[in-house]
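Order of appearance sets the numbers: ligands from 1, and atoms from 1 within every ligand.
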Amino acid sequence: MQKLNWRRIVLKVGSALIAPDQDGCRSRYLLTIAQFIVRCRSQGIEVILVSSGSVAAGAHLFPTAQERTVVMKKAMAAAGQTEMMAMWDRFFDFPSAQILLTHGDLRDRERYESIRETVFTLLDHGVLPIMNENDTVTTDDLKVGDNDNLSAMVAAAADADALMIFSDVDGLYDKNPNLHDDAVLLPEIKSIDDSIYAMAGCATSAVGTGGMKTKIEAAEKATSHGITTYIINGFKEQTFTKLLDGENPGTIFLPYEKPMQEAIHWMTHTASEQGEVVVAGSYDESLEGETGCIRGDEIVAVHGEFAVGDTILVRSNDGTRLAKATANYSSCLLNFIADNEQSEFSDKMQNSIGPVISEKDIALLEKS
Ligand SMILES: Nc1ncnc2c1ncn2[C@@H]1O[C@H](COP(=O)(O)OP(=O)(O)O)[C@@H](O)[C@H]1O
Ligand SMILES: N[C@@H](CCC(=O)OP(=O)(O)O)C(=O)O
C-alpha cells in the first residue's frame with residue numbers, strides 16, 4: 001500500500017450513515033469507516049472525526065413523540081449522542097474522546113484556542129477526538145447549524161491537510177442526482193464561485209440537514225485555509241479503497257494556492273462580529289492604502305456594543321462590507337471619538353492607544 005502524504009485529516013460522517021433506517025445506530029456503514037480510521041492511524045495519519053447523527057440515533061428512544069419540535073430534537077440528540085459514542089467506541093482498541101461544541105465556542109477566540117489545545121493534546125496521546133455540535137444547548141444565535149460547516153471550522157482549527165465529507169452521494173453533481181437522471185459528477189473543482197453554489201440543491205434524504213449547499217460552504221472555508229476537501233460516498237466500500245490507494249473517489253476541491261493565515265481565516269470564516277464601525281471613506285481610501293488605519297474623523301457611526309479584542313465589521317457608509325477586524329477600542333470609546341468634533345482629541349487617543357484596528361488583525365472582505 002502506498003504511503004499517503006496526509007499528516008492530519010478530519011472526517012465528517014452524515015446522519016444517514018449513522019442511522020440508515022432511522023431506528024437507532026447501525027454498524028452497517030460505520031464499520032468500514034472505522035476500518036479506514038484504523039488504517040490511516042496505522043500509517044501515522046492523525047484523524048479527527050466529526051460525527052453527525054445524534055438526533056437520528058436517539059429518535060427511536062422517543063416512540064410516543066408526536067412531532068419533532070426543536071425541544072424534542074434536543075432531547076433526541078442528548079440521548080442519541082450516548083448511543084452513538086458507544087457505537088464508535090466499540091470499533092476501536094484505542095480510546096476516543098467526545099467534544100461537543102457550538103458556534104458560540106468557536107467564535108470566541110479564547111474558547112477556540114482552548115478547543116485547539118485540547119484536540120492537539122488528545123492527538124498527541126493517541127486519542128481519537130469525536131466532535132459534534134452540542135445540540136442540547138444551542139440557540140439560533142449560538143449554533144453553526146450543520147456539521148459540514150462545523151467540520152470545516154474544526155479542520156481549520158486543527159490545521160488539517162484534508163477534510164473528507166462522507167455523504168450518501170458520490171460527490172458534487174451539476175444538479176441534484178436524486179432528482180435528475182442526467183446529473184453529471186464533477187471530479188475536480190479548482191475554485192468555488194456562484195456557478196458552483198447554483199448546482200447545489202437541498203437535502204433529499206430524510207435525516208440530512210444542509211444538502212449540498214453547506215458542503216460547498218464547508219469546502220470554501222477549508223480550501224481557503226489550504227485544506228484539500230473531498231465530498232465522497234460513505235455508503236460504498238470502494239470509496240475507502242480508492243482513498244487509501246491515493247485516488248479520488250468523488251469530488252475533490254483543490255486548496256487555495258495562497259491560503260489565508262490562521263488568525264485571518266478564523267476572523268473571516270468562524271468569528272462573528274459583535275458590532276459595526278461605519279467609515280466615510282471607500283474601500284481603497286480606508287483600508288487598502290494604509291491597511292488598518294482608520295482615523296477618528298473618518299468614523300461616521302458605531303453600532304452595537306463591543307469590547308477591546310472583540311471582532312467588528314468595518315462598513316463604508318454606502319453599505320459595503322469592507323473588513324472584519326479586532327477592535328482596539330470599545331464601542332463606548334469609539335462613539336465618544338466619533339461624536340467629538342475636535343480631531344486633536346482623537347489624534348491624541350490614537351497616539352496613546354494606537355490605531356482603531358491593527359494591520360495584523362484585519363481580514364479584508366470582498367466588496368459586498
Ligand atoms: N448538486 C448536487 N450534487 C449532489 N447531491 C446533491 C446536489 N444537490 C442536492 N443534493 C442532495 O444533497 C444530499 C446530501 O446532503 P445531506 O442529505 O445533507 O447529507 P448528509 O447527511 O450526508 O450531510 C444528496 O443526497 C442529494 O439529495
Ligand atoms: N448535530 C446534529 C447533526 C446535524 C447535521 O449537520 O446533520 P448531517 O446533515 O447529517 O451532517 C446531530 O448530531 O444530529
Can you tell me if K213 has a non-hydrogen atom under 4.0 Å from ligand 1? no
Counting heavy atoms only, which part of K175 comes closer than 4.0 Å to ligand 1: side chain, backbone, both or neither? backbone
With only distance considered, is K215 within less than 3.5 Å of ligand 2 through an N or O on each side? no
Scanning both residues in full, the closest heavy-atom pair of E237 with T241 reads O-OG1, 3.1 Å
I'd like to check whether M199 has a polar contact with ligand 1, where a contact means an N/O of the residue lying under 3.5 Å from an N/O of the ligand. yes
Evaluate N132 for polar contact with ligand 2, using N/O atom pairs at a separation under 3.5 Å. yes
Test your reading of the structure: does G211 have an N or O sitting under 3.5 Å from an N or O of ligand 1? yes
Min N/O separation N147 to ligand 2 under 3.5 Å: yes
Between D146, I18, V55, which one has a non-hydrogen atom sitting closest to atom 14 (O) of ligand 2? V55
Of the backbone atoms (N, CA, C, O) and the side-chain heavy atoms from C-beta on, which set of P177 has a member under 4.0 Å from an atom of ligand 1: side chain, backbone, both, or neither? side chain
Listed partners of F91 passing ring-ring contact (aromatic ring centres under 6.0 Å, His included), at least two apart: none
Report the C-alpha separation of M199 and I216 in whole Å, then their side-chain angles, then the decisive distance to 0.1 Å, and conclude whether the side chain to side chain contact (heavy atoms under 4.5 Å, CB included) test is met. CA-CA 10 Å; M199 295 171 190; I216 298 171; 5.6 Å; no
So which of T214, L150, V154, T102 actually passes side chain to side chain contact (heavy atoms under 4.5 Å, CB included) with V144? L150
For V169, which part has a heavy atom under 4.0 Å from ligand 1: side chain, backbone, both, or neither? side chain
Under the side chain to side chain contact (heavy atoms under 4.5 Å, CB included) rule, what do T223 and L254 come out as? Steps first, then yes or no, please. CA-CA 7 Å; T223 53; L254 301 182; over 6 Å; no
Would you mind running through ligand 1 and noting each atom that sits below 4.0 Å from a heavy atom of K12? 23 (O)
Polar proximity ligand 1 side, N178 side, N/O cut 3.5 Å exclusive: yes
Does the residue G53 have a heavy-atom contact with ligand 2, meaning some pair of atoms that are separated by less than 4.0 Å? yes
Taking atom CD of E46 and atom CG of D161, what is their separation to the nearest 0.5 Å? 9.5 Å
Measuring from the heavy atoms of K12, does anything fall under 4.0 Å of ligand 2? yes
Atom indices of ligand 1, in the order listed, that fall short of 4.0 Å to a heavy atom of D168: 13 (C), 14 (C), 24 (C), 25 (O)
Under 4.0 Å to a heavy atom of G14 - the qualifying atoms of ligand 2, by number: 10 (O), 11 (O)
Below 30° counts as parallel, above 60° as perpendicular, anything between as tilted: where do the rings of Y230 and W6 land? perpendicular
Polar contacts were defined as any N/O atom of the residue lying under 3.5 Å from an N/O atom of the ligand; does this apply to D135 and ligand 2? yes
When rounded to the nearest 0.5 angstrom, what is the spacing between CD1 in I196 and CG in D174? 10.0 Å
Set of ring-ring contact (aromatic ring centres under 6.0 Å, His included) partners for H103, sequence neighbours left out: none
Is it true that S52 lies under 4.0 Å from ligand 1, counting heavy atoms only? no
Before giving the answer on side chain to side chain donor-acceptor pair (under 3.5 Å), spell out for D318 and T320 the whole-Å C-alpha distance, their side-chain angles and the decisive distance to 0.1 Å. CA-CA 6 Å; D318 65 2; T320 311; 2.7 Å; yes
Would you please classify the geometry between the F36 ring and the F166 ring as parallel, tilted or perpendicular, with 30° and 60° separating the classes? perpendicular
Could you tell me whether some N/O pair between D148 and ligand 1 is separated by less than 3.5 angstrom? no
Atoms of ligand 2 close to S15 [distance to a heavy atom under 4.0 angstrom, numbered from 1]: 7 (O), 8 (P), 10 (O)
Given A200, A198, G171, S167, identify the one with the heavy atom nearest to atom 22 (O) of ligand 1. S167
Kindly compute the distance separating CG (N248) from OG1 (T239), expressed to the nearest 0.5 Å. 10.0 Å
Taking the side chain as everything from C-beta on, heavy atoms only, tell me whether M131 gets closer than 4.5 Å to V10. no
